[in-house]
S.K.: 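Below: one structure in structure tokens.
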Amino acid sequence: MLLKLKFIMNVCILGNGLTSLALAKTLVNKGVNVDIFSNKKQVKTNHDRTIGISKINLEFFNKEILNIDKLSWNINKIEIYSENLNNERILNFQNNNQKLFSVIRNYELIENLTKKLKKEKLCKFKKNLNNKNITKQGYDLIINCEYSNFITKKFFSKKIEKNYNDYAYTTIIKHSKTNNNKAIQIFTSRGPLAFLPISKFETSVVYSVKGNQKIDFINLVRFYNKFYNILHINNFSKFELQMSNLRNYYYDNILAFGDLLHRIHPLAGQGFNMTIRDIKILSEIIQKKLNLGLPLDVSVNDEFEKKSRHINYIFSNGIDFIYEFFNFERKTKSKIFSKTAKFLGKNFNLNKKFIEIADNGFLL
Ligand SMILES: Cc1cc2nc3c(=O)[nH]c(=O)nc-3n(C[C@H](O)[C@H](O)[C@H](O)COP(=O)(O)OP(=O)(O)OC[C@H]3O[C@@H](n4cnc5c(N)ncnc54)[C@H](O)[C@@H]3O)c2cc1C
């Protein structure tokens, strides 16, 4: 019994958002003790937010974290249009009617993970101690998933940041019954507008708009919608968008994680997908240590940073490049970028490569 206890590792996770919960479940599944410290100023879970998870990432999630097939709606086609090119379709992704990605409601994923974790003996939810004494509590690893707290300010303030001066508007539309397995993105004169199906009757909408001027979002959704017979549009949320990449992933046994490492523009729906890929990398490093009976210490953080930082940096800059590509066209009103995208998308091998990168990032 004593021998067994000796090898139980204790990890503390700061934050109780999607990232923290998914990571906590991964670790608990490996027999690691996890304490989740939640911030008392917890933001109410937004019901109009959805998240697209790529096929490979969903398979990993189902196998290594929690089976969420029941919560997910499958998408087997993506169509991209450009307002600048007379609303022509410029890109079209599909793979023999197979699933490309799945859409999940954020709050359902959070609720399911929380419910499962609350039943786990190895997991405890604790109130935030403002994090000041957290380093003295003897945890093998401290994983910080909060974008702003005491630990973030003290150890993780050096970032490469970019403010887009873009604002994301999100809502859910209710419509008449349709098969609804096709995601649509329109590059409009104000910015990218995405329709992401979540059932035969509902589709989530994300519109990233340049500038903070007042817009009639609901009427714009109706204006651009050529795909659904809309019955009702829910209230919407609005928030400012940023890109950031953290310079150092860890300090001693404290590791930064999730959006704190990399925040990206949502136009390609890849933010949380990057985090799932990070969980995959971290999970493998930790599993190797556990198999060898080695402690979870700063070497885990060091190896994780070496394996993931450069991939994440290149990937988030790739997303930023796509953003700037269409932003330049929007500003100059030239058609050259949409035409180039249309031309490149017709190439079978390139099209396949785009699908592979969206699915698995740069992981081999
Ligand atoms: C409109 C929108 C749509 C998204 N769609 C997808 C998607 O389809 N697939 C996917 O993999 N990821 C997507 N993401 C990213 C994803 O929401 C976050 O990676 C994830 O919620 C982080 O969870 P967390 O628990 O780490 O952070 P939380 O503790 O949940 O908080 C992170 C907060 O930061 C916000 N945020 C995320 N990215 C940005 C940004 N660039 N600028 C400003 N705020 C931001 C989140 O909305 C959230 O409120 C999207 C992000 C936004 C803003």
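Both ligands and their constituent atoms are indexed starting at 1 by order of listing.
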S.K.: According to side-chain contact (heavy atoms from CB on, under 4.5 Å), who are the partners of Ser157, at least two apart in sequence or on a separate chain?
M.R.: none

S.K.: For the pair His47 and Tyr107, name the ring-plane relationship: parallel under 30°, tilted 30 to 60°, perpendicular over 60°.
M.R.: parallel

S.K.: Sequence neighbours left out, what pairs pass salt bridge (charged side-chain N to carboxylate O under 4.0 Å, His left out) with at least one residue falling in residues 25-36?
M.R.: Lys25-Glu120, Asp35-Lys126

S.K.: Determine, for Glu59 against Lys63, whether the closest basic-nitrogen to carboxylate-oxygen distance falls under 4.0 angstrom.
M.R.: no

S.K.: Out of the candidates Leu23, Ile143, Asn16, only one should pair with Ile36 under the side chain to side chain contact (heavy atoms under 4.5 Å, CB included) rule; please name it.
M.R.: Asn16

S.K.: Distance under 4.0 Å, heavy atoms only, partner ligand 1: which residues pass?
M.R.: Gly17, Leu18, Thr19, Arg49, Ile51, Gly52, Ala168, Thr170, Val206, Phe239, Glu240, Leu241, Gln242, Asp259, Arg263, Ile264, Pro266, Gly269, Gln270, Gly271, Phe272, Asn273

S.K.: Under 3.5 Å, which donor-acceptor pairs link side chains of residues 238-248 to any protein atom two or more places apart or in another chain?
M.R.:
residue, atom, partner, partner atom, Å
Lys238, NZ, Asn212, OD1, 2.6
Gln242, OE1, Tyr147, OH, 3.4
Ser244, OG, Tyr147, OH, 3.0
Asn245, OD1, Ser316, OG, 3.1
Asn245, ND2, Ser316, OG, 3.1

